[in-house]
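Structure record follows, encoded as structure tokens.
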Amino acid sequence: MLYEGKIWVGTGEKPAMLLPQMANRHGLIAGATGTGKTVSLKVLAEGFSEMGVPVFLADIKGDLSGMVESGVHSDAIANRLAGCGVPSFQYQEFPAVFWDVYGQQGHPVRTTVSEMGPTLLSRMLGLNETQTGVLSILFRVADDEGMLLLDLKDLKAMLAYVGENARDYTLDYGNVTQASIGAIQRAVAVLEDQGGDQFFGEPALDIADWMQVDGNGRGVINILAADKLFQSPKMYSTFLLWMLSELYELLPEAGDLDKPRMVFFFDEAHLLFNDCPKALLEKLEQVVRLIRSKAVGVYFITQNPCDIPMSILGQLGNRIQHALRAYTPLDQKAVRTAAQTFRANPNFDTEEAITQLKTGEALVSFLDEDGAPGVVERATILPPQSSMDAITAEVRADELRYSPFAGVYDQPIDRESAYEQLAASFQRQGIQPVTASQVKITTAPDSAPAAKAQGFMVFDPTTGSYVQRELPQMTLPQMTLPQMTAAAPAAPVFNPYEPAPAAPAAPVPTLQVEPVVQTQQMPVMVYDPTTGQYRQQMMTMQLDPTTGNYVPAAPAAPQAAKPLTARELEKQRKEQEKAAKEAAKAEKERKAEERRQRADELREERAERARKNDSVLGRITNTAISTATRTVTSSLTRGILGGIKGLFK
């Protein structure tokens with residue numbers, strides 16, 4: 001509801017108003033299932049529409065389609081309006097256009113493979129890093145060779161073309177393996193089953209068609225029917241990321257305006273970040289940060305604020321937090337994290353209030369005129385002005401019939417692109433797909449049975465699939481027995497009673513056929529000189545055609561040694577060095593062991609001498625030896641001294 005140029009969202013101690021000049025600072029609507037997130041989304045979308053701002057939102061459950069019909073008054077709505085202090089309230093319908101990727105519940109939404117790009121397409125296909133690199137090479141080849149990638153038919157043709165010519169592109173673009181090509185082809189087949197063949201093609205969606213206002217100046221609400229698309233989470237999330245990226249690339253810089261150019265509501269936002277590659281997450285963070293300067297507001301709707309990365313959660317200035325349940329420690333942590341993202345209100349405990357909110361109540365915090373987050377308020381959300389129920393199929397059909405885009409995107413266009421270019425190239429080369437029905441197999445007479453046809457798989461550009469191509473069969477000319485007899489020279493008949501015929505004047509060349517040596521493994525009795533007996537041994541025997549007996553086969557001639565490569569020589573050198581080191585180490589250990597043994601022997605000898613000297617017999621012997629030694633020494637000393645004295649006399 002628009003009040004004094006502001007969006008009146010709810011009422012607590014005072015009305016909670018969203019300022020239009022702060023709407024492009026992005027926002028968050030969070031809360032458990034059944035707490036009123038959809039009502040908050042509709043109130044914001046209706047307010048932006050009244051303000052003249054176009055809106056995009058994804059309708060997963062189907063209840064957002066009721067915005068094209070006026071709401072119905074009830075006592076519950078009257079009580080809520082009275083509690084919110086709304087002076088006047090008017091039920092009304094809002095201008096809306098329905099869209100559908102599958103073209104069933106809205107105008108078809110298409111884009112080309114080239115516009116999607118390899119990064120987002122690889123996420124949609126669920127490719128790993130290596131397969132994503134191969135897909136990027138395919139895009140580069142198509143761009144360098146001037147081939148347009150518009151639909152999945154073009155993508156499959158390019159996959160087959162690059163796969164068959166992988167060797168030609170490896171040096172210029174990088175390695176392209178058949179395994180990666182096959183994995184991408186399987187992923188494309190899965191995407192086709194999910195309806196990707198309807199999403200990729202032309203006419204491609206012009207994002208400017210979503211930025212429309214009606215005759216009364218109200219912004220058109222673009223509603224994407226996503227009940228079926230939501231069943232393919234990667235396709236759903238990649239589609240939303242593609243829209244945001246396209247809007248960021250197309251819109252010029254605008255700075256700070258009085259109101260945003262457009263507002264996007266992304267329901268089930270956690271799917272945008274589940275299994276999101278790091279490179280894609282960084283790109284998404286960059287877009288969220290910078291798209292504000294292009295006057296675009298992005299509002300995420302999810303159950304838990306923790307589903308949003310902190311780097312993006314910090315960019316969301318306008319917040320509506322509905323009730324959260326805290327039954328487990330993990331839930332309590334999520335409640336605590338959600339409470340810490342608000343500017344505290346001294347009148348109540350934010351963490352406690354989150355778990356006590358009723359259905360239709362929320363903690364609201366919007367940016368003020370200076371861009372600072374307001375103090376969190378506990379407020380009751382206003383009811384929407386449009387219908388809360390889903391529309392019928394008849395109403396939806398009428399909306400599509402009288403839509404300003406009726407007939408613009410309904411019929412697909414298939415212009416010349418990579419598939420047609422490759423098909424024309426194959427036709428110029430004279431390559432035509434051959435089917436089994438076009439191959440006539442001619443059989444020879446009973447004496448020469450026909451050989452079985454051989455085949456291989458070839459990509460058929462006219463059908464976009466692989467077909468079985470059969471090689472043409474080469475058969476002998478069919479001739480009758482008289483014809484074969486007449487054509488062949490007559491063989492001479494040998495008669496022993498006639499003289500031998502004369503030798504021919506010129507030698508007749510004959511075909512020299514090397515006889516086939518028949519060999520067989522046979523048990524043979526072999527004499528053993530060590531035991532002097534015969535024993536049985538398996539040997540290779542060959543047939544002697546002259547005698548008809550089997551004799552031991554001659555040993556095969558030794559084959560010339562194959563020269564070693566540089567890598568094998570290097571390996572052999574390293575093995576020799578390793579063996580030499582191990583031998584030196586073993587010799588060193590042997591010498592050390594000998595030294596240890598010699599030291600042990602010496603210690604044992606010293607210990608034995610000590611034991612002998614320490615015994616009684618040893619002490620007596622040592623004493624006697626010492627006494628005798630002293631006596632001898634004294635006698636020798638006296639004799640020497642006496643001799644010396646006699647010399648000096």
Side-chain angles (χ1 to χ4, degrees), residues 111-194 196-197 200 234-235 238 241-242 245 275-284 417-426 429 431 433 455-461 464-469 562-571 574:
T111 186
T112 63
V113 176
S114 298
E115 290 179 353
M116 178 66 67
T119 303
L120 290 177
L121 184 58
S122 63
R123 171 178 168 81
M124 183 178 289
L125 296 174
L127 306 181
N128 58 28
E129 184 177 355
T130 302
Q131 296 160 2
T132 301
V134 173
L135 188 63
S136 300
I137 291 176
L138 184 142
F139 273 74
R140 179 66 64 84
V141 171
D143 186 52
D144 293 346
E145 299 189 4
M147 297 185 183
L148 297 177
L149 297 178
L150 303 180
D151 50 23
L152 291 186
K153 185 165 76 288
D154 298 329
L155 181 61
K156 292 192 297 182
M158 280 299 299
L159 283 170
Y161 173 72
V162 173
E164 293 174 358
N165 300 274
R167 294 184 178 179
D168 300 335
Y169 296 113
T170 298
L171 294 178
D172 295 333
Y173 299 93
N175 189 25
V176 178
T177 63
Q178 296 297 327
S180 297
I181 292 292
I184 299 174
Q185 288 175 331
R186 292 191 296 270
V188 171
V190 174
L191 182 61
E192 280 186 309
D193 296 338
Q194 296 176 354
D197 54 341
F200 291 101
K234 286 189 177 180
M235 187 171 177
T238 307
L241 292 175
W242 164 76
S245 301
D275 301 328
C276 187
K278 183 178 179 181
L280 187 59
L281 182 59
E282 292 176 353
K283 180 180 180 180
L284 179 58
S417 53
Y419 171 78
E420 288 76 14
Q421 292 174 350
L422 290 175
S425 176
F426 290 159
Q429 297 174 9
I431 301 177
F456 58 96
M457 301 301 292
V458 176
F459 180 76
D460 181 7
S465 61
Y466 286 87
V467 297
Q468 179 80 13
R469 173 176 293 177
K562 183 179 179 181
L564 300 178
T565 61
R567 180 177 297 178
E568 293 174 344
L569 290 174
E570 180 66 17
K571 182 179 179 181
K574 290 182 179 180

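Numbers here simply count residues along the sequence, with the first being 1.
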Can you tell me how far apart [atom1] ([X]) and [atom2] ([Y]) are? Round to the nearest 0.5 Å.
| X | Y | atom1 | atom2 | answer |
| --- | --- | --- | --- | --- |
| Leu148 | Thr112 | CG | OG1 | 8.5 Å |
| Ser245 | Met116 | OG | CE | 9.0 Å |
| Lys153 | Phe200 | NZ | CZ | 13.5 Å |
| Asp151 | Thr111 | CG | OG1 | 11.5 Å |
| Leu127 | Ser180 | CG | OG | 9.5 Å |
| Asp144 | Asp172 | CG | CG | 9.0 Å |

- Message: Is any side-chain heavy atom of Tyr161 closer than 4.5 Å to one of Glu145?
- Response: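 Yes, their side chains come closer than 4.5 Å.
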
For residues Leu121 and Phe139, determine if any side-chain heavy atom of one lies less than 4.5 Å from a side-chain heavy atom of the other.
yes

Looking only at heavy atoms, which two atoms of [X] and [Y] are closest? And how far apart?
| X | Y | answer |
| --- | --- | --- |
| Ile181 | Val134 | CD1-CG1, 3.9 Å |
| Gln131 | Ala183 | NE2-CB, 3.3 Å |
| Ala418 | Asp154 | N-OD1, 3.6 Å |
| Asp197 | Glu192 | OD1-O, 3.7 Å |
| Leu152 | Val113 | N-CG2, 4.3 Å |
| Met124 | Lys234 | O-CB, 4.3 Å |

inquiry  = Donor-acceptor pair, distance only, cut-off 3.5 Å: does the side chain of Gln178 make one with the backbone of Gly163?
reply    = yes

Should Leu149 and Leu138 be marked as a side-chain contact (heavy atoms from CB on, under 4.5 Å) after you check the CA-CA gap, both sets of side-chain angles, and the distance that decides it? CA-CA 10 Å; Leu149 297 178; Leu138 184 142; 3.9 Å; yes

Under the side-chain contact (heavy atoms from CB on, under 4.5 Å) criterion, do Thr130 and Asn175 qualify, and how do the steps go? CA-CA 10 Å; Thr130 302; Asn175 189 25; over 6 Å; no

Inset, instruction - Begin from the C-alpha positions of Val141 and Met147 and carry the test side-chain contact (heavy atoms from CB on, under 4.5 Å) through to its verdict. - result: CA-CA 8 Å; Val141 171; Met147 297 185 183; over 6 Å; no

Side chain to side chain donor-acceptor pair (under 3.5 Å) filter on Glu420, not counting sequence neighbours, yields Ser417

